[in-house]
Amino acid sequence: MAGFLFLGKKLYDARGILFRPLVHAGTLNSCYNALDRHVENGRVDQVALIYDSPVTKTVKKFTYRELRDSAAQCAGELTRWGVTKGDRVVIYMPMIPEAVISMLACACIGAIHSVVFGGFAPKELATRIEDARPKVVMCSSCGIEVNRIIPYKPLLDQAIALCTHKPGACVIVQRPQATVTLIRGRDHDWSAFMMGAPADCVPVAATDPHYILYTSGTTGKPKGVLRDNGGHLVALTWSMKNIYGVAPGEVYWAASDIGWVVGHSYIVYGPLFHGCTSVIYEGKSVGTPDPGAFWRVISEHGVSVLFCAPTAFRTIRREDPDAHYLRIYDISSLRMLFIAGERCDPDTLTWAEDQLGVPVIDHWWQTETGWSIGANCAGIELLPVRPGSCTKAVPGYDIQIFDTEGKPVSPGQNGNIAIKSPLPPGCLTTLWQNDTDFVRTYFATYPGYYYTSDAGYIDPEGYLWIMGRTDDIINIVGHRLLTGAMEEVLSYHPDVAECAVTGVHDPVKGEVPVGFMVLKSGLSRVPAKIERELVLMMRERIGPIASFKEVSVVKRLPKTWSGKILRGTIKKIADGVTFSVPPTIDDPVTLDEIREVLTGRGYPKG
């Protein structure tokens, strides 16, 4: 089987998919390109995957040969259970090797995998099972969150009970921390499941679906982002060298979760396509066991490039502002740090740069694109870093900034960010079984352009600045102000570890901003004094037009599991609007903490 596919010239232009990747005809197999190709070309004994689990005190390494054999064996059993090309398999597991093996096994036989973030509530899991209609569900008996066990199997059982679609089989990885009783006729133990004959990689068309990844929708139904095989392979392979600057054989660590797009692209597929060693980490940036967790992994495994969300570094900085734990470890192998997933304030970026002594590169992308839209392409030419900017558009993306009427804005002026179609390879091809919603969501706002729903600007030198989501814009007496710009001001205060700004209803001005801050550990200053300093800073740097008069100290900011701050939910609490707890929230208790603070401030106001 050929390692790569041929690129054609024909563009698709039906039903609004002019954006579709410039990949046409040709056959390939993504698992073959991730594993078999490297085994056949000299990487048979190179480590492909390092499983590092501080919560179970486990480190296990898989060579390319071992990972290939495991994936082939899993694929063979899936085939025995009737899974063929185009069938769906839902994977509901924590950060364990079996999750990666399951993904690659699906790719091996041309099945479409849909990974659901481990620990999702039964209702959320059920909506995904109902939509994807899988033949098989791969699950773990439990997940482990620092010091607590999260049973997965009962959540799966409840989810299936809610569904009209019933999967034909469930395969359960029995973890020693929580073994479970299997349902006769439906459930099968992973150990027994992996005893069958292996399967060979099945050729698929470049345009055949590779995976479905669900992201939150606006109608209450999650959107199933659909990725193809060919464009995905081309984009991720290109990105490993040209964006991240890594070479085959190096250790690349994306400190994310396979339930998110970062995990798909840069824990599993990107590093393996490129012949790197990837790390799957079952732990946290702090608490497993301390703020030195990341430095230990880098030192122990010789990580060359680290990719994580800014919130991880904010958390480390909050707990260890002087980076004492960093001095314990030798991290000389680390050449670069890449950050993405949410906007990175300049202060956090500068702190990381000062402590690590390596380039810290902010870049911007989305679940829908699957790889970088804006980045400092280290493998092409490392441009000067401008803290707060993701640098420039990645080759293949034509980025435009429009006002609300669809007119281009001047350099340096904030607006809505759009990308001219066609989008480059690797981006979503549609929404699973929902072409209508796909066109309405992404291409109706600015015809001929993909609407990112992010706001920002391009400066006169061509640097791209992402200032937040368009629904984070605050409208103050007709003036549209970005929360990102306000948060940037707050983050410069030396006592602030993390911060958030959201707009709340005001009967006179429409909306006014309210700030929240988490202070660094060990401070003895009076919070009220810090709050007054921040209000003054905002007035000096943004101006009176910001109407910024309230900022409160909180224990924590409510976030998703991937580190995104739930500004919209905070706003609903402040405004007294009924809301549902987001299924992706890391800890629902943080909402109670925010509500208590807001109540003390007199919210919701009449």
Side-chain angles (χ1 to χ4, degrees), residues 4-12 17-24 26 33 206-207 227-248 252 254 261-262 264-266 269-271 273-276 305 307 335-336 338-341 359 361-386 389-402 408 411 417-429 442 446 448-452 454 456-466:
F4 283 90
L5 66 162
F6 294 103
L7 296 181
K9 298 179 180 179
K10 183 177 179 181
L11 289 175
Y12 291 83
I17 56 171
L18 177 64
F19 75 99
R20 215 175 222 196
L22 297 170
V23 178
H24 179 60
N33 277 281
T207 51
R227 197 95 61 210
D228 67 7
N229 277 274
H232 181 250
L233 169 61
V234 170
L236 295 191
T237 304
W238 185 90
S239 72
M240 291 299 296
K241 175 185 176 181
N242 293 287
I243 294 176
Y244 300 104
V246 290
Y252 180 93
V261 68
V262 173
H264 280 58
S265 293
Y266 294 112
Y269 290 110
F273 286 158
H274 197 48
C276 292
V305 174
F307 175 175
R335 292 190 287 102
M336 282 179 287
F338 284 82
I339 47 182
I361 300 171
D362 192 2
H363 60 323
W364 167 61
W365 49 300
Q366 300 181 326
T367 298
E368 288 85 351
T369 64
W371 64 298
S372 292
I373 305 169
N376 198 339
C377 294
I380 299 175
E381 177 188 6
L382 197 59
L383 299 174
V385 172
R386 296 186 180 180
S389 169
C390 64
T391 314
K392 299 190 176 186
V394 169
Y397 290 95
D398 182 352
I399 299 174
Q400 302 291 325
I401 314 294
F402 294 127
I417 303 172
I419 304 168
K420 188 175 182 180
S421 62
L423 294 180
C427 297
L428 82 169
T429 54
Y442 301 109
Y446 300 115
Y449 290 83
Y450 166 85
Y451 181 41
T452 67
D454 279 322
Y457 64 93
I458 297 174
D459 68 21
E461 288 74 37
Y463 275 67
L464 176 62
W465 302 75
I466 309 301

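In what follows, residues are counted from 1 in the order of the sequence shown.
- Within the 4.5 Å cutoff, the side chain of Thr391 has no heavy atoms near those of the Val385 side chain.
- Closest approach of Leu383 to Lys392, counting heavy atoms only: CD1-CD, 4.0 Å.
- Val394 has its side chain out of reach of His363: every pair of non-hydrogen atoms, C-beta onward, lies at least 4.5 Å apart.
- Atom CE of Met336 is separated from atom OH of Tyr252 by 9.5 Å, given to the nearest 0.5 angstrom.
- Side-chain contact check for Trp365 versus Ser265: some heavy-atom pair is nearer than 4.5 Å.
- Here Tyr397 and Trp371 bring their ring centres to under 6.0 angstrom of each other.
- Relative ring orientation between Tyr266 and Phe307 is described as tilted, the plane-to-plane angle lying within the 30° to 60° band.
- The distance from atom OG1 of Thr367 to atom CG of Leu428, rounded to the nearest 0.5 Å, is 10.0 Å.
- With rounding to the nearest 0.5 angstrom, the CZ atom of Phe273 is 10.0 Å from the OG atom of Ser239.
- Residues Pro411 and Ile458 form no side-chain contact, since every pair of their non-hydrogen atoms from C-beta on lies 4.5 Å or further apart.
- Taken from CG in Asn242 to CD1 in Ile380, the straight-line distance is 4.5 Å, to the nearest 0.5 Å.
- Contact check for Ser421 versus Tyr442: no side-chain heavy atoms found under the 4.5 Å cut-off.
- Closest of all the heavy-atom pairs between Phe338 and Val305 is CD1-CG1, 3.7 Å.
- Between Arg227 and His264, the closest side-chain pair of non-hydrogen atoms is not below 4.5 Å.
- Closest of all the heavy-atom pairs between Trp465 and Tyr463 is CD1-O, 3.2 Å.
- Listed here is the closest heavy atom pair of Gly370 and Val261: CA-CG2, 3.9 Å.
- The aromatic rings of Tyr449 and Phe402 stand perpendicular to each other, their planes meeting at an angle above 60°, with 30° marking the opposite boundary.
- Evaluation of the salt bridge (Lys or Arg N to Asp or Glu O under 4.0 Å) test over residues 361-370, restricted to residues two or more places apart or in two chains, returns Lys223-Glu368.
- Here CG of Asp398 is found 15.0 Å from OH of Tyr450. Values are rounded to the nearest 0.5 Å.
- Taken from CD in Gln400 to OG1 in Thr452, the straight-line distance is 12.0 Å, to the nearest 0.5 Å.
- In this structure the side chain of Ile417 reaches within 4.5 angstrom of the side chain of Trp364, judged on heavy atoms.
- Inter-residue side-chain proximity for Ile399 and Ile373 is flagged as met; some heavy-atom pair is nearer than 4.5 Å.
- Side chain of Lys241 to main chain of Pro248: no donor-acceptor pair is present (N/O by atom type, distance under 3.5 Å, no hydrogens or angles).
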